[in-house]
Amino acid sequence: MLAHRAAVEQECIRLNMLRTQTEKRNANSRSYANVYKRRGKLRRQPCEKCASENSEMHHEDYNKPLQINWLCRKCHLELHKLFHRNIVR
């Protein structure tokens, strides 16, 4: 069991080293916001588009980890679809 755990940890370290600086920054920003949410300093809000209570965090700017837009899954995916369409074109 211990050998398996060590192998898993080594794989996580290897994968983290392959991340780009942007991916690391984004992951750190999400982690930072989640810590604030768990501590009660950041409270879940209804979706900004449709007012659904079942919302999740969205970062417009990962350099500002506590500036959160609260969106339900459907609205969040729609926003990302629009964003990616604009980049591809």
*Asks:* Give the intermediate values and the outcome of side-chain contact (heavy atoms from CB on, under 4.5 Å) for residues Leu79 and Glu60.
*Replies:* CA-CA 11 Å; Leu79 180 69; Glu60 288 287 331; 4.0 Å; yes
*Asks:* Taking the side chain as every heavy atom from C-beta outward, state whether Glu48 and His58 have any atom pair closer than 4.5 Å.
*Replies:* no
*Asks:* Indicate yes or no for a side-chain donor-acceptor contact from Gln67 to the backbone of Lys64 under 3.5 Å, with no hydrogens or angles considered.
*Replies:* no
*Asks:* Which residues satisfy the salt bridge (charged side-chain N to carboxylate O under 4.0 Å, His left out) test with Arg73, sequence neighbours excluded?
*Replies:* Glu56
*Asks:* State the CG-CG distance between Asp61 and Asn69, to the nearest 0.5 angstrom.
*Replies:* 10.5 Å
*Asks:* Hey, does the side chain of His59 reach the backbone of Pro65 with a donor-acceptor pair shorter than 3.5 angstrom?
*Replies:* yes
*Asks:* Enumerate, atom names and distances included, each donor-acceptor pair closer than 3.5 Å involving a side-chain atom of residues 31-47, sequence neighbours excluded.
*Replies:*
| from | atom 1 | to | atom 2 | distance (Å) |
| --- | --- | --- | --- | --- |
| Asn34 | ND2 | Arg30 | O | 3.1 |
| Arg44 | NH1 | Ser55 | O | 2.1 |
| Gln45 | NE2 | Arg43 | O | 3.3 |

*Asks:* Give a yes or no on this: more than 12 heavy atoms of other residues, nucleotides or ligands lie within 6.0 Å of atom CG of Asn63.
*Replies:* yes
*Asks:* Under 4.5 Å between side-chain heavy atoms, counting indirect links through other Ile/Leu/Val/Met/Phe/Trp/Tyr residues: same cluster for Leu66 and Ile68 or not?
*Replies:* yes
*Asks:* I need the Thr22 OG1 to Tyr62 OH distance, nearest 0.5 Å.
*Replies:* 11.0 Å
*Asks:* Could you tell me whether the side chain of Met57 reaches within less than 4.5 Å of the side chain of Trp70, counting heavy atoms only?
*Replies:* yes
